[in-house]
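Heads up, the thing below is written out as C-alpha cells.
Order of the sequence lines fixes the chain letters, A, B, ..., with proteins taken first and strands second; residue numbering starts at 1 for each chain. This is a predicted model, so every value here is computed, not measured.
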2 protein chains.
Amino acid sequence: MRELCLPFSLEPHDIRQLDELVATRQRLKKGDILYRAGDSFASLHAVRQGSTMTTVLAEDGREQVCGYHLPGDLFGLDGIDNGRHKGQSIALEDSEICAVPLERLEELARHVPALQRNLHRFLSREIDRDHNIMLLLGSMRAEERLAAFLLNLANRYRQRGYSSTEFVLRMTREEIGSFLGLKLETVSRLFSRFQQEGLIQAQGRAVKLLDVTALKQLAGHRC
Amino acid sequence: MRELCLPFSLEPHDIRQLDELVATRQRLKKGDILYRAGDSFASLHAVRQGSTMTTVLAEDGREQVCGYHLPGDLFGLDGIDNGRHKGQSIALEDSEICAVPLERLEELARHVPALQRNLHRFLSREIDRDHNIMLLLGSMRAEERLAAFLLNLANRYRQRGYSSTEFVLRMTREEIGSFLGLKLETVSRLFSRFQQEGLIQAQGRAVKLLDVTALKQLAGHRC
DNA sequence: CGCGCCGTTGATATTATTCAAGACCAGTGG
DNA sequence: CCACTGGTCTTGAATAATATCAACGGCGCG
C-alpha cells in the first residue's frame with residue numbers, strides 16, 4: 001500500500017495499522033470479474049499488480065467504461081451509498097488486487113485525522129477525474145479524445161517509473177472506444193491516422209508516442 | 001440543512017452541532033459566481049434557495065457543465081484534494097447558498113460515525129452520478145440525452161415536493177447543450193421535435209412533460 | 001423604445017457510425 | 001507441426017447524426 005495515496009504523510013505507527021487493514025490479496029486471471037453491479041459492497045480495492053477496468057451498464061445492455069486502473073490505483077467506491085456496487089470491475093490481465101474493508105478504514109480514519117483527510121482527498125480526486133472525462137466526452141472531438149487518453153496513460157506510467165512514451169495497452173479497441181465514447185472502428189482509424197501523421201507508432205496494443213508536443217496540442221494541453 | 005443528506009439518521013444533538021457548522025448564508029444574484037477555478041477551497045456548499053451550475057473549463061476556453069443543483073443539493077467538492085477549486089460555480093437565479101467548512105465537518109465526523117458515513121455516502125453518490133453522466137455522454141444519442149435530462153429533473157422536483165411534470169428550466173439552451181455534450185441548436189431542435197411528437201409542451205424554458213412513458217423509453221429506462 | 005441575449009429554423013458541411021469484407025494473430029486440438 | 005478457429009484489428013464505402021453557418025423573430029431588461 002505504500003505507493004497509494006492513503007498513507008501519505010501518515011505516522012509510521014498509523015501506516016502499520018493501515019497495512020493491517022488490507023485483509024485479502026486476491027489473484028485474478030485475465031477477464032475475471034472482481035465484482036458485478038448489484039454485488040454487496042464492503043471494501044475499496046487497490047491494484048497491486050496488473051490492471052482492471054470499471055464499467056457501468058445501462059438497462060439496454062450498453063456499457064460505458066468508467067475507469068482504467070493501474071498498479072497503485074484505488075477504485076470501487078461506487079456502492080458506499082447503499083452497500084451495493086453500481087458498476088462492475090474486470091481484470092484486464094492476470095492481476096493481484098487488495099481489498100480494504102471500508103468499515104475498518106472509517107474506524108481508523110476517525111482516530112487518524114491525516115488518514116481521514118487523505119481518504120477525502122482521494123474521493124475528491126476521483127470526482128475531479130470524472131469531471132475531466134465529462135469534459136472529454138462532452139466537448140472534445142474523436143482525435144482529441146484519443147490524444148488525451150494516450151497522454152493520460154503516459155503521465156501515469158511516468159509517475160510509476162515506467163517509460164512514458166512506450167507502453168502496451170491492455171484494452172481492446174472496443175474498450176478504448178467505450179471509454180472515449182467512440183466506436184471501435186473510429187478508434188482503429190485514429191490509431192492508423194496518428195501513425196501516418198507520425199504522432200505515434202503502433203502495432204496492435206503496443207504504442208510508442210513519437211510526437212508528444214503535437215499530441216498535447218491536439219488534446220488542448222489538457223494533459 | 002434538514003433536507004440534506006448529511007443529517008440523515010443522526011441524533012438530534014448531533015444535528016444541532018451540524019447546524020452550528022453552517023457558518024455563512026450567502027445571497028447570490030443571477031449570474032454571480034460563487035467560486036472560480038483556482039479559488040481557495042474551504043467549504044462544501046448547499047443550495048438553500050435558487051439553483052446553481054458547476055462547470056469545468058478547458059485551457060482553450062471550452063466549458064463543460066458538470067452539475068445543476070437544486071435546493072437541498074450539496075456541491076463543490078472538487079478542491080478537497082489540493083485546497084483549490086478545479087471548477088467554478090455560478091448562480092442560475094437569485095439564490096441563497098450555505099457554506100459548510102470542511103475542516104469543522106471532518107472534525108465533527110470524527111466524533112459522529114453516522115455523520116462520517118453520510119459524508120462518504122454523499123461523496124459516493126456524487127461519483128455514481130458522474131458515472132451515469134459519463135454513460136449518457138459516451139453512449140447515448142442526442143434525443144436520449146435530452147429525455148434523460150428531463151426525467152432526471154422530473155425526479156428531483158418530485159423528491160422536493162414540486163410538480164414532476166411541469167417546471168421551469170433555469171439554464172439556457174446553450175448551457176443544457178454543454179451539460180449534454182450537444183450544441184445549442186441541437187437542443188433547440190430537440191425541444192421542437194419533442195413538442196411536435198407530443199412528448200412535451202415547451203415555450204422557452206417552461207416545460208411540461210406530456211408523455212413520461214415515451215420519454216422513459218427514449219432514455220432507455222435510465223431514469 | 002431599443003438593444004442585446006436568447007431561441008428557432010433552414011441549408012449545408014463535417015464528423016462519426018454502420019455495414020461489410022478481409023487480414024492478422026494466438027491459442028487449440030488433431 | 002500444422003490447420004483451424006474465434007477474437008481482434010484494419011480498411012473502405014455508404015449512411016446517419018450532429019455541427020456549423022446564417023438569418024431572423026421575440027422577449028426582457030435597462
Side-chain angles (χ1 to χ4, degrees), chain A residues 29-31 53 60-65 90 92-94 136-150 168-197 200-207 218 220, chain B residues 29-32 53 60-65 90-94 136-150 168-197 200-207 218 220:
Chain A
K29 292 203 104 33
K30 178 175 175 175
M53 161 179 98
D60 57 10
R62 273 183 289 196
E63 190 175 26
Q64 172 74 29
V65 174
I90 188 169
L92 290 168
E93 57 191 307
D94 294 0
L136 177 143
L137 292 172
S139 71
M140 288 168 68
R141 296 165 352 99
E143 55 179 16
E144 301 172 318
R145 296 185 200 182
L146 186 62
F149 173 72
L150 292 172
V168 176
L169 302 167
R170 297 300 175 178
M171 296 165 116
T172 65
R173 299 290 187 257
E174 185 169 21
E175 287 158 348
I176 295 170
S178 167
F179 194 36
L180 301 179
L182 303 169
K183 293 295 163 188
L184 71 95
E185 295 95 328
T186 305
V187 175
S188 179
R189 280 184 237 277
L190 285 169
F191 270 104
S192 302
R193 220 181 77 205
F194 281 9
Q195 179 144 11
Q196 276 190 335
E197 291 168 350
I200 66 172
Q201 186 182 314
Q203 50 180 0
R205 304 191 189 175
V207 180
L218 254 185
Chain B
K29 293 204 108 26
K30 179 176 173 174
D32 281 355
M53 161 178 97
D60 57 11
R62 272 182 290 196
E63 191 175 26
Q64 171 74 29
V65 175
I90 188 167
L92 290 168
E93 57 191 308
D94 293 0
L136 178 143
L137 292 172
S139 70
M140 287 168 68
R141 293 161 358 94
E143 55 178 14
E144 301 173 317
R145 296 184 201 183
L146 186 62
F149 173 72
L150 292 172
V168 176
L169 301 168
R170 297 300 175 178
M171 295 165 116
T172 65
R173 298 290 188 255
E174 185 169 21
E175 287 159 349
I176 295 170
S178 168
F179 193 37
L180 301 179
L182 303 169
K183 293 295 160 187
L184 70 97
E185 295 95 330
T186 305
V187 175
S188 179
R189 280 183 237 276
L190 285 169
F191 270 103
S192 303
R193 221 181 76 203
F194 280 9
Q195 179 144 10
Q196 275 190 336
E197 291 168 350
I200 66 173
Q201 186 182 314
Q203 50 180 1
R205 303 192 192 176
V207 180
L218 254 186

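Taking each heavy atom of R173(A) and L169(A) in turn, the nearest pair found is NH1-CD1, 4.3 Å.
Mapping heavy-atom proximity under 4.0 Å, the span of DNA chain C touched by chain B runs 5' to 3' from dC6(C) to dA11(C).
Each of G181(B) and K30(B) was assigned the nucleotide of DNA chain D with the nearest heavy atom; the assignment lying further toward the 5' end belongs to G181(B).
dT18(D) atom P lies 14 Å from atom CG of L182(A), rounded to whole Å. The distance from atom CD of E93(B) to atom P of dC29(D) is 13 Å, rounded to the nearest whole Å. Between the C1' atom of dA16(D) and the NZ atom of K183(A) lies a distance of 13 Å, rounded to the nearest Å. Remark: P of dA19(D) and CZ of R173(B) are 15 Å apart, rounded to the nearest angstrom. Residue E174(A) contributes atom CD, which lies 11 Å from atom C1' of dG7(D) at whole-angstrom precision.
Listed by chain and residue number, nothing satisfies the salt bridge (Lys or Arg N to Asp or Glu O under 4.0 Å) test with D32(B) (two or more places apart in sequence, or in another chain). R205(A) is linked by a salt bridge (Lys or Arg N to Asp or Glu O under 4.0 Å) to nothing, counting only residues two or more places apart in sequence or in another chain. Taking F194(B) as the reference, nothing meets the ring pair (Phe, Tyr, Trp, His ring centres under 6.0 Å) condition, with sequence neighbours excluded. Contacts of S139(B) classified as side-chain contact (heavy atoms from CB on, under 4.5 Å), with partners at least two apart in sequence or in another chain: R62(A), Q64(A), L135(B). In this structure F179(A) satisfies the ring pair (Phe, Tyr, Trp, His ring centres under 6.0 Å) test together with F149(A), sequence neighbours excluded. Under the side-chain contact (heavy atoms from CB on, under 4.5 Å) criterion, I90(B) pairs with I33(B), M53(B), not counting sequence neighbours. Remark: Q201(B) engages no residue in a side-chain hydrogen bond (donor to acceptor under 3.5 Å, both in side chains) (not counting sequence neighbours).
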For nucleotides 22-26 of chain D, which of its nitrogen or oxygen atoms have a protein nitrogen or oxygen under 3.5 Å away, and what is each distance?
none

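Contacts classified as salt bridge (charged side-chain N to carboxylate O under 4.0 Å, His left out) and involving residues 182-196 of chain B (residues at least two apart or in different chains) are given here: E143(B)-R193(B), R193(B)-E197(B).
Close to dA17(D), at under 4.0 Å from its OP1 or OP2, lies a side-chain N or O of R141(B). Taking side-chain N and O atoms only, R205(A) has a distance below 4.0 Å to OP1 or OP2 of dC9(D).
Proximity of a side-chain donor or acceptor of R145(A) to a complementary backbone N or O of L180(A) within less than 3.5 Å is detected. No donor-acceptor distance shorter than 3.5 angstrom exists from the side chain of T186(A) to the backbone of G177(A), with no hydrogens or angles considered.
The pair K29(B)-D94(B) meets the salt-bridge criterion, since a charged nitrogen lies less than 4.0 angstrom from a carboxylate oxygen.
Using a 4.0 Å cut-off on heavy atoms, the residues of residues 186-195 of chain B that approach DNA chain D are T186(B), R189(B), listed by number.
Counting heavy-atom neighbours within 6.0 Å of E174(A) CD, excluding the residue itself, gives a total of 12 or less.
For the helix from dC1(C)-dG30(D) to dG30(C)-dC1(D), the terminal axes (five pairs an end, C1' atoms, rotation from four pairs onto the next four) enclose an angle of 40°, given to 10 degrees.
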